[in-house]
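Everything numeric here is computed off the predicted structure, so don't read it as measured data. Naming convention: chains lettered A, B, ... in sequence-line order (proteins, then strands); numbering from 1 in each chain.
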Amino acid sequence: DIQMTQSPSSLSASVGDRVTITCRASQSISSYLNWYQQRPGKAPKLLIYAASNLQSGVPSRFSGSGSGTDFTLTISSLQPEDFATYYCQQTYSSPLTFGGGTKVEIK
Amino acid sequence: QLQLQESGPGLVKPSETLSLTCTVSGGSISSSNYYWGWIRQPPGKGLEWIGSIYYSGSTYYNPSLKSRVTISVDTSKNQFSLNLNSVTAADTAVYFCARIRLQLTASPLDYWGQGTLVTVSS
C-alpha cells in the first residue's frame, strides 16, 4: 500500500495568514493526488484534484502543487471558514489511501 | 444537484453484519463516467477507503477489509450497498458514500453523502 504522510498534523494560524500543508507519498504517484477539506461533523469536500486543479466553486485562495512524492496545499489568505481538517488522497494505485489529516485551528 | 444519502441501522451487534445503502438522486448511477464508493471514519480519526463499484457491478475492495466486505449495485433503484460482516468495535465509524469522477485525472471523490454513524456494541 502507498502510505501518505501529512505535515504538520495540526497548526494554529490567524485570519489572513498564508498556510502551507505538505503531503508525502511513500512512492511516486505522479499527479494522482487530491485534497479535501472536512469541517467538524460534515463530509469531506473536494478542493483540488490531480495535484493542482481547482475544483469548480472552490475559492482561488486554495492552490495545490507537486508531483511524484511531494505535494503541497496552500491557502493564500486564511479565512474564518477555512478552519477545518485537510486530507490528501492518492489514487495512483489500489488501495486508495488518505493522509492522516492536518487540523487548521484559530490562533 | 446530485445528492447521496446513506441509510441503515445505527447500531450493530458484534459478530453480526453491517448493512448500509446509498441512494443517489439528481443523477443516474448507470453513467459510464463514475464509480461509486464507500469510505469510513472512526470517531476522531482519519479516512479509510472501503471499496468502490461500477454500475456494471465491477468492484474494487481495500485488501484490509476484502474478506468481510461486499459492495453491490441496484441500478433500478439508483442505489448501491455495503455489507460488512463479522463486525467488531473497531468497525465503529461514520460511513460515507461518494461518487468517483472518472473523467477527471486522479478520479477524485467529488460528491459525498452526509455520512451515517454506525456503532458496534452489544
Check: Taking a hydrophobic cluster as the set of Ile, Leu, Val, Met, Phe, Trp and Tyr residues connected by side-chain heavy atoms closer than 4.5 Å, whether directly or through intermediates, do A:Met4 and A:Val104 fall within one such cluster?
Finding: yes
Note to self: So which residue, A:Ala50, A:Pro44, A:Gly41, A:Gly99, ends up with the most heavy-atom pairs under 4.5 Å with chain B?
What the structure shows: A:Pro44
Margin query: Under 4.5 Å between side-chain heavy atoms, counting indirect links through other Ile/Leu/Val/Met/Phe/Trp/Tyr residues: same cluster for B:Leu11 and B:Leu18 or not?
Written below: no
Next item on the list: Heavy-atom distances under 4.5 Å only: say whether A:Leu33 touches chain B with side chain, backbone, both or neither.
Entry: backbone
Suppose we count any N or O donor within 3.5 Å of an acceptor, strictly below that value; which pairs fall between chain A and chain B?
from, atom 1, to, atom 2, distance (Å)
A:Asn34, ND2, B:Ala106, O, 3.1
A:Tyr36, OH, B:Leu109, N, 2.9
A:Gln38, OE1, B:Gln41, NE2, 2.9
A:Gln38, NE2, B:Gln41, OE1, 2.9
A:Tyr87, OH, B:Gln41, NE2, 3.2
A:Thr91, OG1, B:Ala106, O, 2.7

Check: Is A:Val19 reachable from A:Leu54 through a run of I, L, V, M, F, W or Y residues, each pair having side-chain heavy atoms under 4.5 Å apart?
Finding: yes
Check: What about B:Phe80 and B:Leu2, same hydrophobic cluster or not, with Ile/Leu/Val/Met/Phe/Trp/Tyr joined at side-chain heavy-atom distances under 4.5 Å?
Finding: yes
Next item on the list: Rounded to the nearest 0.5 Å, what's the gap from CG on A:Leu46 to CG on B:Leu104? Could you check?
Entry: 8.0 Å
Margin query: Is B:Ile39 close to chain A through its backbone or its side chain, or both, or neither, when contacts mean heavy atoms under 4.5 Å?
Written below: side chain
Margin query: Restricting to non-hydrogen atoms, name the atom on B:Leu47 and the atom on A:Phe98 that form the minimum distance, rounded to 0.1 Å.
Written below: O-CD1, 3.5 Å
Check: With a 4.5 angstrom heavy-atom cut-off, which part of A:Pro40 approaches chain B: side chain, backbone, both or neither?
Finding: neither
Notebook entry, point to check: Are B:Leu82 and B:Leu117 grouped together when hydrophobic residues (ILVMFWY) are joined by side-chain heavy atoms under 4.5 angstrom apart?
Noted result: no
